[in-house]
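Input: a single structure, listed below in structure tokens.
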Amino acid sequence: MRRIGMPMPCPESVPSLAVRKKTIPRRRSEKSVWYLPVAVTTDVLGVALPVALVSGVAGRPFPVSIAAAAGILWLLVRATHHRYSVHALGESRGVLPVLRDWLTLLGVLAVVQVAAGERSEPVTALLALSVAPLLTAVCGKLTHRHLTARRREAQAVHRVLVIGEPSSADEVVEHLASRTDHAYVVTGAIPVGDAPLTSGVPAPTRLGSAPPAADDEDWMPVLAAAEQLGAELVLVAPGPRLTGERLRRLSWALHDAGLPLALAPGLTEVSLRRLRTATVAGLSLLYIAPPTRRGTHVVLKSVLDRTGAGLGLLLLAPVFALLALVIRIDSAGPVLHRQTRSGQYGEPFTMWKLRTMVADAEARREELTAANEQDGPLFKMRRDPRVTRVGRFLRRSSLDELPQLVNVVRGEMSLVGPRPPLPDEVAQYDEVATRRLAVKPGLTGLWQISGRSDLSWDESVALDLRYADNWSIGGDIDLLARTFRAVVDGRGAY
């Protein structure tokens, strides 16, 4: 779905402002008023009620006072981390921020307990506090879903005025319009130079190619356009015609008028944790850290992968036995299906799955080539005749992937990573797609929680590249938590 810029009247000429420091009235993009009270109420009750209940059952004195103190501390921890600010409410659906806040709460309560000379069982305390992060995460998820739905209808958004050379401005406008999971909607653009804009947004004025001789000639039409369009942010796409001094003077004018300024350097799919700003000799620099390919984090990821996979194999052994019996009863053939896949750096390995197709499925693939419903080198059919009755259930529930835990234990795969491709798919990769092989393939990943087989080839590659360049231990934990909902939903699994 594309977000189209709000249509605005575009007069032939824009009047200049008479006073340099005139403040532009800014339209506030209000979020729903219930976000804050619901978040605060959920957090208080998520701590206070379980603590009061557990304290009362354990016979501790003053259970209500203890519950109230715990609830207030939880609110203070969340408020200290700015979780209740208007900029944060509804924006995050991840569980990691909630987990960090909860661990902070545990540390604060431990210090308070020691200082007060309290004595309580750690297991009891954890039991009482374990409900809080769950309720907070659910509340955040529901709020985020509501906010995303509103933004699809161009509500609760920030009106943005883009400035840049036409090609750069068009690229920024198209990129923002192609997705609806963010807060920006472009209401107009100011091209620099004589080339035409092709994005279709209103262009109330235009800046000359060369910096003006007089100080005030650039900022006056920009401020007039921002006031006319009700812009809340000016987003600049730098280029040769927007020199450092020109940007500096524009920033003075915008900030004097109360408008924030942002720069779009042209980077895409780079996580915030890899970016760092610095100033050298008065020059602002943006540092981009390289993707994590070696070191402590890679070792820790491997340890967590193998430990988690080994534990999963032990716990799921009865499930494997039951599924093996059902598969054998449903159709003739082996229980397990093995297939050669390409791993990290293209190294081939044997991947294991529970069999979901008839025994001669590979031999029949060629006759179904014309019915392929997927673009690119992938082969997918929504109603593949080779899939068995039990196989459809296994695919929808993703239970057929569980034997890949063995591949994780052997170090051939990771719990989280890109989809493991077939060698004939890799043979068709270009230089961009090949970069997804820089990390181990995963049992789950961004593709699993974003639609799986419903994704186009380009969307799948983009997700895999985003993961390969920006993965982190915390991000892996968050993806594992979000995988559960994707599996229950079953969207794109066929």
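Since we're looking at a predicted model, the values are computed, not measured. What's counted below: heavy atoms across the whole structure, side chains too, no hydrogens, waters or symmetry copies.
- Listed by first and then second residue, the salt bridge (Lys or Arg N to Asp or Glu O under 4.0 Å) pairs involving residues 37-46 are D43-R78 (not counting sequence neighbours).
- Screening residues 337-349 for salt bridge (Lys or Arg N to Asp or Glu O under 4.0 Å) gives no qualifying pairs among residues at least two apart or on separate chains.
- Under the 4.0 Å criterion applied to side-chain N and carboxylate O atoms, R274 and E269 are not assigned as salt-bridge partners.
- For L197, the side chain to side chain contact (heavy atoms under 4.5 Å, CB included) test picks out P166, A169, D170, A189, P191, A203, with sequence neighbours left out.
- Residues passing the side chain to side chain contact (heavy atoms under 4.5 Å, CB included) test with L135 are T42, V131, sequence neighbours excluded.
- A search for side-chain hydrogen bond (donor to acceptor under 3.5 Å, both in side chains) contacts involving H81 returns D101, not counting sequence neighbours.
- Residues in residues 426-446 take part in these salt bridge (Lys or Arg N to Asp or Glu O under 4.0 Å) pairs, two or more places apart or across chains: R435-D469, R436-D464.
- Among residues two or more places apart in sequence or in another chain, the side chain to side chain contact (heavy atoms under 4.5 Å, CB included) test is passed with L285 by V280, L283, Y287.
- E401 is linked by a side-chain hydrogen bond (donor to acceptor under 3.5 Å, both in side chains) to Q404, counting only residues two or more places apart in sequence or in another chain.
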Side-chain atoms of residues 305-315: list all donor-acceptor pairs with protein atoms under 3.5 Å, sequence neighbours left out, distances to 0.1 Å.
residue	atom	partner	partner atom	Å
D305	OD1	S414	OG	3.3
D305	OD1	L415	N	3.3
D305	OD2	S414	OG	2.6
T307	OG1	V303	O	2.8

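- In this structure A332 satisfies the side chain to side chain contact (heavy atoms under 4.5 Å, CB included) test with no other residue, sequence neighbours excluded.
- Between the side chain of T41 and the backbone N or O of V38 there is no donor-acceptor pair closer than 3.5 Å.
- Remark: H146 pairs with W34, Y35 by the ring pair (Phe, Tyr, Trp, His ring centres under 6.0 Å) rule, at least two apart or across chains.
- Among residues at least two apart or in separate chains, salt bridge (Lys or Arg N to Asp or Glu O under 4.0 Å) pairs with a member in residues 317-337 are D330-R389.
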